[in-house]
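Right, one structure below, let's go through it.
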Amino acid sequence: MEVPFRATYFDGKSARACPVEVLYDGRRLRVKGEGVALELYLEECRIAPPLGRTRRVVVLPGGGRLETDDQEAIRRLEKETGQNLGQRLVDALERRWPWVLALLVVLLLFGWAFLRWGLPAAARQAALLTPMGVVESISEQALRLLDDQFLAPSQLGPGQRQELEALFREVVVWMGGGYPYRLEFRASPQLGPNALALPSGVVVLTDELVALAKDHRELEGVLAHEVAHVLHRHSLRQLYQGAGLYVVIALALGDVVSATSLAASLPLLLLQSGYSRAYELEADATAGAYLMRRHGTTAPLQTILLRLEASSGKVALPGYLSTHPSTPERVERLRRLEQGRP
């Protein structure tokens with residue numbers, strides 16, 4: 001196979017440019033021009049990768065080079081030597097913008113699909129694989145941060161605490177999971193009526209929520225909801241999703257250093273972002289199933305959810321604008337669960 005083309009020769013020792021005729025005869029490059037006569041084996045030469053529509057360069061032994069506008073000739077030489085195969089594909093794409101746009105769309109769709117399904121799936125597996133020692137470390141550090149910034153000692157009396165602790169023990173015995181569950185009492189005018197579940201099974205109940213409830217069944221529904229978050233590892237999964245894939249892998253492998261640094265973000269995630277729509281509805285369904293087994297009704301959880309919304313005074317966003325389920329939607333789902341409807 002012969003490949004003839006015109007080029008400009010530079011000897012690598014001066015800036016002098018010399019027009020030359022080049023012929024590849026199937027084995028060697030023959031370069032001829034004024035004062036230039038070279039015969040080189042093609043294997044000794046390096047063909048520089050293409051860069052847009054700039055001139056192609058063949059680097060010669062000894063530092064000289066050939067520059068040419070004959071793109072087709074250089075592509076034939078690349079094919080002969082097997083050089084720059086990947087770069088040739090990139091160059092072909094650069095010359096075909098519809099392909100580039102199509103690949104960009106594919107890349108964006110892949111990124112969206114990964115964030116929508118891939119990362120949550122990875123976070124779920126990481127949460128299931130995270131060692132309990134790491135889970136407890138995250139929880140204890142998060143509780144200390146909550147105590148420093150948002151919580152105060154509880155003012156509940158010993159008798160009231162004992163009643164609620166007994167109620168909590170009944171809930172966890174029924175719901176299971178094998179976690180080292182613990183109920184913590186705190187006051188918090190800043191947070192108001194609230195309950196929080198930490199990944200290790202620690203559930204924090206505020207005095208304000210106890211005061212808001214009309215009976216223990218309402219608090220039982222809240223406790224069952226928080227235990228459901230623990231069982232499904234919602235806080236870990238949401239934390240990992242926000243942290244990204246690198247931290248997901250590190251924590252799944254038991255990286256205590258990463259766990260320590262990540263624990264600082266858990267309180268704000270629980271208090272400001274809350275749980276995702278899917279997680280809240282899943283916890284409601286688990287708590288509702290518990291209440292149906294225990295009492296044959298989901299009314300206690302429905303009632304306190306409505307009272308919590310009334311006490312907070314928040315304006316709910318339409319469902320299509322909010323990442324969290326509205327209270328009426330949650331109550332309706334609990335009613336349908338009670339009636340045996342999907």
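Sequential numbering from 1 along the given sequence is applied to the chain's residues.
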Quick check on the hydrophobic clustering: are V134 and L128 connected, directly or via other members, by side-chain heavy-atom contacts under 4.5 Å? no
Can you confirm whether more than 12 heavy atoms, excluding those of E34, are under 6.0 Å from its CD atom? no
Residue pair L308 / P193: nearest heavy atoms and the distance that separates them: CD2-CB, 3.6 Å
Side-chain donor or acceptor of E165 paired with backbone N/O of L183 under 3.5 Å: no
Just one of V59, T81, L77, V58 clears the side-chain contact (heavy atoms from CB on, under 4.5 Å) bar with C45, so which one? V58
Check: S14 main-chain N/O paired with D11 side-chain donor or acceptor under 3.5 Å: yes
Can you see whether E282 engages H234 through a side-chain donor-acceptor pair at a distance of less than 3.5 angstrom? yes
Would you say that F168 contacts L205 through its side chain, given a criterion of any heavy-atom pair below 4.5 Å between the two side chains? no
What about Y179 and V172, same hydrophobic cluster or not, with Ile/Leu/Val/Met/Phe/Trp/Tyr joined at side-chain heavy-atom distances under 4.5 Å? yes
Apply side chain to side chain contact (heavy atoms under 4.5 Å, CB included) to residues Y279 and R237 and explain how you reach the verdict. CA-CA 10 Å; Y279 292 172; R237 289 161 63 181; 3.4 Å; yes
P328 and E309: which non-hydrogen atoms are nearest, and at how many Å? CD-OE2, 4.1 Å
Is a side-chain donor or acceptor of S137 paired with a backbone partner of G133 at a separation under 3.5 angstrom? no
Gap separating the CG atom of L305 from the CD atom of E280, nearest 0.5 angstrom: 9.0 Å
Just by distance, do the side chain of D284 and the backbone of R330 share a donor-acceptor pair under 3.5 Å? no
With a 4.5 Å limit on heavy-atom distance, are the side chains of L291 and L334 in contact? no
Cationic N near anionic O, under 4.0 Å, E72 to R75: yes
Which atom of A224 lies closest to which atom of Y290, heavy atoms considered: CB-CD2, 3.6 Å
Is there a side-chain contact between T68 and R6 (heavy atoms, below 4.5 Å)? no
So does R55 have more than 12 non-hydrogen atoms from other groups sitting under 6.0 Å from CZ? yes
Quick one: does any side-chain atom of R56 pair with a main-chain N or O of A48 as donor and acceptor, under 3.5 Å? yes
Please check if any side-chain donor atom of R46 sits under 3.5 Å from a side-chain acceptor atom of Q83, or the reverse. no
For L281 and P325, work out which heavy atoms get closest and say how close. CD2-CB, 3.8 Å
Chi angles and distances behind the side chain to side chain contact (heavy atoms under 4.5 Å, CB included) call for L223, L167: CA-CA 9 Å; L223 293 174; L167 180 64; 4.3 Å; yes
Would you give the length of the straight line joining atom CG of L337 to atom CD of Q302, rounded to the nearest 0.5 angstrom? 9.5 Å
Taking side chain as C-beta onward, heavy atoms only, is L143 less than 4.5 Å from L198? yes
Could you check if a side-chain atom of L38 sits within less than 4.5 angstrom of a side-chain atom of R30, using non-hydrogen atoms only? no
Is a side-chain donor or acceptor of E218 paired with a backbone partner of K214 at a separation under 3.5 angstrom? yes
How far apart are the C-alpha atoms of V20 and T8, what are their side-chain angles, what is the distance that settles it, and do they pass the side chain to side chain contact (heavy atoms under 4.5 Å, CB included) test? CA-CA 6 Å; V20 294; T8 301; over 6 Å; no
Any side-chain heavy-atom pair from R277 and E329 closer than 4.5 angstrom? yes
Would you say V230 ends up clustered with F185 if hydrophobic residues are merged whenever their side chains have heavy atoms under 4.5 Å apart, either directly or through other cluster members? yes
Residues R182, E184: salt bridge by 4.0 Å N-O rule: yes
Check the pair E338 / T297 against side-chain hydrogen bond (donor to acceptor under 3.5 Å, both in side chains), numbers first and verdict last. CA-CA 6 Å; E338 184 171 326; T297 179; 3.1 Å; yes
Side-chain donor/acceptor of T298 to backbone N/O of G288, under 3.5 Å: no
Consider only side-chain heavy atoms of I, L, V, M, F, W and Y, link residues closer than 4.5 Å, and tell whether L23 and I47 are in one cluster. no
Here the gap from L196 atom CG to S139 atom OG, rounded to the nearest 0.5 Å, amounts to 11.5 Å
Between L40 and P61, is any pair of side-chain heavy atoms under 4.5 Å apart? yes
Are side-chain N/O atoms of H232 and T286 paired as donor and acceptor at under 3.5 Å? yes
Assess the residue pair R186 and D147 against the criterion (salt bridge (charged side-chain N to carboxylate O under 4.0 Å, His left out)); give the C-alpha distance rounded to whole Å, side-chain angles, the decisive distance to 0.1 Å, and a yes or no. CA-CA 9 Å; R186 297 291 190 275; D147 282 336; 2.7 Å; yes
CG on L191 to CD on Q149, rounded to 0.5 Å: 10.5 Å
Joint hydrophobic cluster, I74 plus L42, side-chain heavy atoms closer than 4.5 Å: yes
Side chains of E208 and S188: is there a donor and an acceptor less than 3.5 Å apart? no
Regarding E39 and R28, does a basic nitrogen lie under 4.0 Å from an acidic carboxylate oxygen? yes
Using atom types as modelled and distance alone, determine if a side-chain donor or acceptor of T206 lies under 3.5 Å from a backbone N or O of A187. no
So, E67 and R65, do they make that salt bridge, N to O below 4.0 Å? yes
Heavy-atom side-chain proximity of L156 to L164 below 4.5 angstrom: yes
Distance col, row H216:NE2 vs E163:CD, nearest 0.5 angstrom, shows 5.0 Å
Check the pair E140 / V202 against side chain to side chain contact (heavy atoms under 4.5 Å, CB included), numbers first and verdict last. CA-CA 9 Å; E140 292 304 322; V202 174; 4.2 Å; yes
Which value, rounded to the nearest 0.5 Å, describes the distance between L231 atom CG and H229 atom NE2? 11.0 Å
Indicate yes or no for a side-chain donor-acceptor contact from Q238 to the backbone of S276 under 3.5 Å, with no hydrogens or angles considered. yes
Are the side chain of Y24 and the backbone N or O of G26 linked by a donor-acceptor pair below 3.5 Å? yes
Shortest non-hydrogen separation from L209 to L219 and the atoms involved: O-CD2, 4.0 Å
